[in-house]
Amino acid sequence: MDKRPSKQAYIVLLAGLVLNLILGVLYSWSIFAKALLEQWDWSSSQTSMPYAIAIGFFALGVMVAGKLQDKFGPRPIAMAGALLAGLGVFLASFASQTNTLPIVVGFGILGGLGIGFGYAAATPPAVKWFGVAKKGLVTGIVVSGFGLASIYIAPLTTYLISSFGIAPTFRILGIIFMIVATFCGSLLRDPPAEPSASDSTAIDRLDKENGDFQVSEMLKTPRFYQMWFAYAFAAFAGLMIIGTMAKISAIQLPGSNLGFLLVATLALGNAGGRLLAGGLLDKIGSRTTMLIAFIGQAVAMGLLGFVHSLVLLIMLAIAIGALYGANLAIFPALTAEHFGTSTLGANYGVLFSAYGIGGIFGSVTAGKLFDLTGSYLPAFIVAAILCIVAALLAPQASKPLRESR
């Protein structure tokens with residue numbers, strides 16, 4: 001492949017970015033959660049459940065789709081994910097104050113699974129088009145769309161809920177997402193130099209030439225588990241805040257009704273952190289980038305419970321979003337660096353289970369501790385401690401791994 005990226009490479013990069021802009025509806029859940037609390041009298045635990053389930057199925061979707069997109073290519077997997085995600089959000093519109101099942105099944109299961117399929121198919125083809133040398137920057141650009149999504153989805157969702165109600169908002173968003181995301185998914189494809197999906201012999205040969213690890217081989221390395229726990233602990237903190245930011249603002253800024261602003265601000269930081277981390281990975285290395293992200297996240301989490309000023313909350317929302325978002329650039333790039341690019345979809349899909357586990361426990365922990373104590377402060381402290389543990393794992397998790405196999 002020519003060293004200069006082709007026009008098709010930029011089309012794939014842009015398609016992956018826009019696809020993630022749509023799939024990032026997951027990060028605006030706190031807007032729905034706040035409305036469900038206020039309009040349908042759901043408890044904090046009830047509003048946390050669909051989000052926690054969506055995170056879990058998101059991770060499951062990435063795990064399954066990662067392997068499938070390596071085999072069949074990104075296009076059919078991304079399009080299937082777009083249809084599932086749109087259908088799931090649409091199905092959630094059949095919920096009511098006393099009937100939570102459509103939101104749990106629609107947004108949580110189908111939506112989460114579809115988001116995972118689309119997300120898994122967006123990054124690997126872009127990395128393959130641009131090459132390992134630009135893995136950090138390319139990964140950061142593609143995944144920044146997921147973080148940026150809340151900038152438009154949060155105010156749009158707030159407007160739709162205030163104008164039409166909760167159920168119609170799910171219906172409108174579901175239709176829009178299904179159409180736009182399916183189109184973006186149709187533009188994704190691997191470079192022509194890659195072996196065909198049906199040519200397993202060629203794939204095996206390419207893996208051997210590149211020194212790339214299959215999933216079974218990756219799972220035998222201590223490095224994978226160091227990366228897994230660091231990812232899970234960092235995701236615990238970030239996803240907990242993303243899922244509850246609108247509710248946090250209602251408590252710490254009583255009467256302000258500015259939850260959508262903080263969600264959008266968090267999203268801006270989230271996207272910026274992915275882009276910044278992607279560039280830093282290529283310049284200062286994964287170890288230093290990870291330490292900055294994990295230690296910074298721990299400090300921000302420790303401060304969050306004591307802030308009651310709009311300006312300071314905005315600053316913290318940007319910081320938390322950026323430091324959390326950095327993880328979504330760090331770990332795909334780290335997976336490519338340690339275990340190779342030709343098997344990136346499958347390998348990162350397995351590693352992504354850490355994101356799912358961390359997100360589930362983060363969301364559930366926040367809801368449960370708030371119901372028990374009436375405060376999010378205990379959850380913030382737990383999250384800060386886990387980020388410190390992630391920082392302790394960073395030196396080993398980032399150490400180069402190219403052992404004889």
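Atoms considered below: every heavy atom in the structure, side chains included; atoms not considered: hydrogens, waters and symmetry mates.
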Colleague: Taking all heavy atoms of I172 and all of F164, pick out the closest pair and write down the distance.
Modeller: CD1-CD1, 4.2 Å
Colleague: Between Q226 (side chain only) and L393 (backbone N and O only), is there a donor and an acceptor less than 3.5 Å apart?
Modeller: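 Such a contact is absent between Q226 side chain and L393 backbone.
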Colleague: Does any part of the side chain of N347, heavy atoms only, come nearer than 4.5 Å to the side chain of Q214, both counted from C-beta?
Modeller: no
Colleague: Kindly indicate, with the supporting measurements, whether the criterion side-chain contact (heavy atoms from CB on, under 4.5 Å) is fulfilled by I115 and V25.
Modeller: CA-CA 9 Å; I115 290 169; V25 63; 4.1 Å; yes
Colleague: Between W129 and R189 (side chain of the first, backbone of the second, donor and acceptor by atom type, cut-off under 3.5 Å), is there such a pair?
Modeller: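 Such a contact is found between W129 side chain and R189 backbone.
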Colleague: If you take the centroid of each ring, where Trp contributes its six-membered ring, are F331 and F352 closer together than 6.0 Å?
Modeller: no
Colleague: Search all heavy atoms of I77 against all heavy atoms of G73 and return the closest pair with its distance.
Modeller: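 Closest heavy-atom pair between I77 and G73: CG1-O, 3.4 Å.
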Colleague: When the ring planes of F130 and Y10 are compared, do they come out parallel, tilted or perpendicular, using 30° and 60° as the limits?
Modeller: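 Answer is perpendicular, since the angle exceeds 60°.
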Colleague: Would you check, one step at a time, whether the test side-chain contact (heavy atoms from CB on, under 4.5 Å) holds for F236 with C387?
Modeller: CA-CA 9 Å; F236 178 101; C387 287; over 6 Å; no
Colleague: Say whether, by atom type as modelled, one donor and one acceptor occur between the side chain of R274 and the main chain of V143 under 3.5 angstrom.
Modeller: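 Judged by distance alone, yes, a pair lies under 3.5 Å.
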Colleague: State whether a side-chain donor-acceptor pair under 3.5 Å links S353 with W228.
Modeller: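 Short answer, yes.
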Colleague: Can you tell if the side chain of T244 reaches within under 4.5 Å of the side chain of S30, non-hydrogen atoms only?
Modeller: no
Colleague: Does W42 reach the side chain of I103, with side-chain heavy atoms less than 4.5 Å apart?
Modeller: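 Heavy-atom side-chain distance check passes, below 4.5 Å.
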Colleague: How far apart are the closest heavy atoms of L17 and I141, and which atoms are they?
Modeller: CD1-O, 3.2 Å
Colleague: To check you understand the geometry: which heavy-atom pair defines the closest contact between G302 and A384, and what is its length?
Modeller: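 Looking at all heavy atoms of both residues, the shortest contact is N-CB, 4.2 Å.
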Colleague: Are the side chain of R223 and the backbone of H338 linked by a donor-acceptor contact shorter than 3.5 Å?
Modeller: no
Colleague: Please check if the side chain of Q297 supplies one atom and the backbone of F294 the other of a donor-acceptor pair under 3.5 Å.
Modeller: no
Colleague: Is there a donor-acceptor contact under 3.5 Å from the side chain of Y51 to the main chain of L239?
Modeller: yes
Colleague: Measure from the side-chain N and O atoms of S43 to the backbone N and O of Q46, and report whether any donor-acceptor pair falls under 3.5 Å.
Modeller: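 Checked: pair present.
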Colleague: Kindly say whether the aromatic ring centers of F90 and F177 come within a distance under 6.0 Å.
Modeller: no
Colleague: Relative to each other, are the rings of F107 and W29 parallel, tilted or perpendicular (30° and 60° limits)?
Modeller: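 Geometry flag for W29 against F107: tilted rings.
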Colleague: Using the rule given for side-chain contact (heavy atoms from CB on, under 4.5 Å), can you reason through L113 versus F58, listing the C-alpha separation, both sets of side-chain angles and the distance that settles it, and then say yes or no?
Modeller: CA-CA 5 Å; L113 197 62; F58 175 28; over 6 Å; no
Colleague: Between S48 (side chain only) and V364 (backbone N and O only), is there a donor and an acceptor less than 3.5 Å apart?
Modeller: no
Colleague: How close do G185 and M79 get, counting heavy atoms only, and between which atoms?
Modeller: C-CG, 3.8 Å
Colleague: Mind checking whether Y231 and L351 have side chains closer than 4.5 Å, heavy atoms only?
Modeller: yes
Colleague: Over all heavy atoms of both residues, which pair between L187 and A15 is shortest? Give the atoms and the distance, please.
Modeller: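 Result for this residue pair: CB-CB, 3.8 Å.
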Colleague: Are L26 and I55 close enough that some pair of their side-chain heavy atoms sits under 4.5 Å apart?
Modeller: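 Yes. Closest side-chain heavy atoms under 4.5 Å.
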Colleague: Donor-acceptor pair, S163 side chain versus L160 backbone, under 3.5 Å?
Modeller: no
Colleague: Do we see a donor-acceptor contact under 3.5 Å between the side chains of D371 and S45?
Modeller: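 Per modelled atom types, D371 and S45 side chains form a pair under 3.5 Å.
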Colleague: Could you give me the CA-CA distance, side-chain angles and deciding distance for T221 and F339, then say whether side-chain contact (heavy atoms from CB on, under 4.5 Å) is met?
Modeller: CA-CA 10 Å; T221 67; F339 305 115; 3.7 Å; yes
Colleague: May I ask you to decide if the ring planes of Y376 and F380 are parallel, tilted or perpendicular, using 30° and 60° as cut-offs?
Modeller: parallel
Colleague: With the side chain counted from C-beta on, respond yes when L334 and M290 share a heavy-atom pair under 4.5 Å apart, and no when they do not.
Modeller: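 Yes, close enough: below the 4.5 Å cut-off.
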Colleague: Can you check whether M301 reaches I385 side chain to side chain, under 4.5 Å on heavy atoms?
Modeller: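 Result no, sub-4.5 Å side-chain heavy-atom pair not found.
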Colleague: Measure from the side-chain N and O atoms of N20 to the backbone N and O of V142, and report whether any donor-acceptor pair falls under 3.5 Å.
Modeller: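 Flag set: sc N20 to bb V142 pair under 3.5 Å.
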